[in-house]
Peer 1: 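My questions all concern the structure below.
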Amino acid sequence: MNFAFNFGDTNVSLSITAVIVAGWTGRNPDAVQHHIDELAELGIAPPSQVPLFYRVSDGLLTQSGEIEVLGEATSGEVEPLLIRSNGKTYFGLASDHTDRDLEAFSVAASKQACAKPMASELWDFDAIKGHLDQIMLSCWMESDGAEVLYQEGTLANIRPLAELCSAAELGEGSAMLCGTLGAIGGVRPARKYRMTVTDPVLGKTMKLSYAVSTLPIVS
């Protein structure tokens with residue numbers, strides 16, 4: 001799949017042929033266990049190892065402002081995105097939107113069930129890798145008609161991204177969603193999401209917003 005991105009003052013077109021969703025990537029073991037516990041409340045079995053790298057179709061990536069999902073039991077997760085293309089590593093923002101009902105049956109299958117929205121902007125990974133731990137991820141969701149904070153924290157809560165790249169053997173033409181933060185108030189669905197990643201050192205913010213349209217489950 002080819003995607004166009006804003007990259008500084010220019011536009012780049014990148015070909016992505018492989019997509020990885022990294023799971024259980026928290027740097028703090030207690031935070032990882034918290035995420036495992038909150039998903040266990042939904043009937044989801046714990047991972048076989050930490051971290052795990054799930055392969056999904058490159059066709060799931062989207063820059064659309066709306067995705068369609070089956071049923072009412074899906075939810076998004078704000079995540080850093082890494083793309084390797086043309087010998088360069090790019091940093092972006094994405095949502096690992098996941099089917100929570102299917103997750104109770106198979107995490108790998110649940111990752112494949114929903115589109116993965118991503119921002120239309122990228123940053124140069126080399127320009128930020130020296131201060132990654134200061135970069136802030138935030139996610140707001142629409143709940144009962146009001147926007148509420150759903151996730152927030154710095155990349156210091158996620159394993160070093162270079163370490164994840166090495167472990168996943170991220171190659172040319174590959175993209176990886178690098179894991180998320182605990183949900184404030186528990187994992188739950190929403191109709192709209194607004195996500196940001198903010199670099200306080202370089203003074204810039206990347207944004208991602210999307211809506212969720214649900215399709216009926218017909219039996």
Peer 1: Is a side-chain N or O of S166 found less than 3.5 angstrom from the main chain of E163, in a donor-acceptor match?
Peer 2: no
Peer 1: Strictly distance-based, threshold 3.5 Å: is any side-chain N or O of N86 a donor or acceptor partner for the main-chain N or O of K88?
Peer 2: no
Peer 1: Would you mind reporting whether L137 and N157 have side-chain heavy atoms less than 4.5 Å apart?
Peer 2: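 Of all side-chain heavy-atom pairs linking L137 with N157, none is under 4.5 Å.
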Peer 1: Say you draw a straight line from CD1 of I135 to CG of L161; how long is it, rounded to the nearest 0.5 Å?
Peer 2: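 With rounding to 0.5 Å, CD1 (I135) is 8.5 Å from CG (L161).
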Peer 1: Do R84 and C165 touch side chain to side chain, with heavy atoms closer than 4.5 Å?
Peer 2: yes
Peer 1: Is W140 reachable from I67 through a run of hydrophobic residues whose side-chain heavy atoms are each under 4.5 Å from the next?
Peer 2: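 They do not share one cluster, since no chain of ILVMFWY contacts under 4.5 Å joins I67 to W140.
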Peer 1: Please check if atom NZ in K204 has more than 12 non-hydrogen atoms from other residues, nucleotides or ligands closer than 6.0 Å.
Peer 2: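 Yes, because the 6.0 Å sphere around NZ of K204 holds more than 12 heavy atoms from other groups.
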Peer 1: Between atom CG of L155 and atom CZ of F91, what is the distance when rounded to the nearest 0.5 Å?
Peer 2: 5.0 Å
Peer 1: Who passes side chain to side chain donor-acceptor pair (under 3.5 Å) against T198, sequence neighbours left out?
Peer 2: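 Checked T198 against side chain to side chain donor-acceptor pair (under 3.5 Å); matches are T205.
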Peer 1: How many angstroms lie between atom CG of L81 and atom CD1 of I20, to the nearest 0.5 angstrom?
Peer 2: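 With rounding to 0.5 Å, CG (L81) is 11.5 Å from CD1 (I20).
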Peer 1: Which donor-acceptor pairs under 3.5 Å do the side chains of residues 142-149 make with protein atoms, sequence neighbours left out?
Peer 2:
unit_1, atom_1, unit_2, atom_2, d
E147, OE1, R194, NH2, 2.9
E147, OE2, R194, NE, 3.0

Peer 1: side-chain contact (heavy atoms from CB on, under 4.5 Å) for F3 and I83? Distances and angles first, verdict last.
Peer 2: CA-CA 11 Å; F3 296 94; I83 300 173; over 6 Å; no
Peer 1: Identify all side-chain donor-acceptor contacts of residues 210-219 below 3.5 Å with residues at least two apart in sequence or on another chain.
Peer 2:
unit_1, atom_1, unit_2, atom_2, d
Y210, OH, S95, OG, 2.7
Y210, OH, H97, ND1, 2.8
T214, OG1, E72, OE2, 3.3
T214, OG1, R191, NH1, 3.0

Peer 1: Which pair of heavy atoms, one from E172 and one from G87, lies closest together, and at what distance?
Peer 2: OE1-N, 3.2 Å
Peer 1: Is there a chain of hydrophobic side chains (I, L, V, M, F, W, Y, each step under 4.5 Å between heavy atoms) that links I128 to M136?
Peer 2: no
Peer 1: For A156 and R27, work out which heavy atoms get closest and say how close.
Peer 2: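 Heavy atoms only, the tightest pair is O-NE, 3.3 Å.
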Peer 1: How far apart are the closest heavy atoms of L202 and A127, and which atoms are they?
Peer 2: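 That would be CD1-O, 4.1 Å.
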Peer 1: Which pair of heavy atoms, one from V32 and one from G26, lies closest together, and at what distance?
Peer 2: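 Here V32 and G26 meet closest at CG2-O, 3.3 Å.
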Peer 1: Do S75 and Y193 have side-chain heavy atoms sitting under 4.5 Å apart?
Peer 2: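 S75 reaches Y193 side chain to side chain.
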Peer 1: Are L208 and M206 grouped together when hydrophobic residues (ILVMFWY) are joined by side-chain heavy atoms under 4.5 angstrom apart?
Peer 2: yes
Peer 1: Would you say F53 and M176 make side-chain contact, with heavy atoms under 4.5 Å?
Peer 2: yes
Peer 1: Could you work out, with salt bridge (charged side-chain N to carboxylate O under 4.0 Å, His left out) as the rule, every residue matching E103, not counting sequence neighbours?
Peer 2: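 Applying salt bridge (charged side-chain N to carboxylate O under 4.0 Å, His left out) to E103 gives R100.
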Peer 1: Nearest heavy-atom pair of L122 and F7: which atoms, and what distance?
Peer 2: O-CD1, 3.4 Å
Peer 1: Roughly how far, to the nearest 0.5 Å, is the CG atom of D96 from the CE atom of M118?
Peer 2: 13.5 Å
Peer 1: Under 6.0 Å between the ring centres of F5 and Y90?
Peer 2: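 Not under 6.0 Å, so no.
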Peer 1: Might you work through the side-chain contact (heavy atoms from CB on, under 4.5 Å) test for N11 and N6, ending with a clear yes or no?
Peer 2: CA-CA 5 Å; N11 295 321; N6 298 320; 2.9 Å; yes
Peer 1: Rounded to the nearest 0.5 Å, how far does CG of L82 lie from CG of L164?
Peer 2: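 CG of L82 is found 8.0 Å from CG of L164.
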Peer 1: Check whether any side-chain heavy atom of V197 sits under 4.5 Å from a side-chain heavy atom of E79, and report yes or no.
Peer 2: no
Peer 1: Taking only residues at least two apart or on different chains, which pairs with a member in residues 44-71 satisfy side chain to side chain donor-acceptor pair (under 3.5 Å)?
Peer 2: W24-Y54
Peer 1: Under 4.5 Å between side-chain heavy atoms, counting indirect links through other Ile/Leu/Val/Met/Phe/Trp/Tyr residues: same cluster for V56 and L102 or not?
Peer 2: no
Peer 1: Are any non-hydrogen side-chain atoms of D99 and V69 less than 4.5 angstrom apart?
Peer 2: no
Peer 1: List the atom pairs, with distances to 0.1 Å, where a side-chain N or O of residues 177-189 and a protein N or O form a donor-acceptor pair under 3.5 Å, not counting sequence neighbours.
Peer 2:
unit_1, atom_1, unit_2, atom_2, d
T180, OG1, V78, O, 2.9
T180, OG1, Q151, NE2, 2.7
R188, NH1, I184, O, 3.0
R188, NH1, G185, O, 3.4
R188, NH1, G186, O, 2.8

Peer 1: Side chains of K111 and L60: closer than 4.5 Å at any heavy-atom pair?
Peer 2: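 With C-beta onward as the side chain, the pair stays apart.
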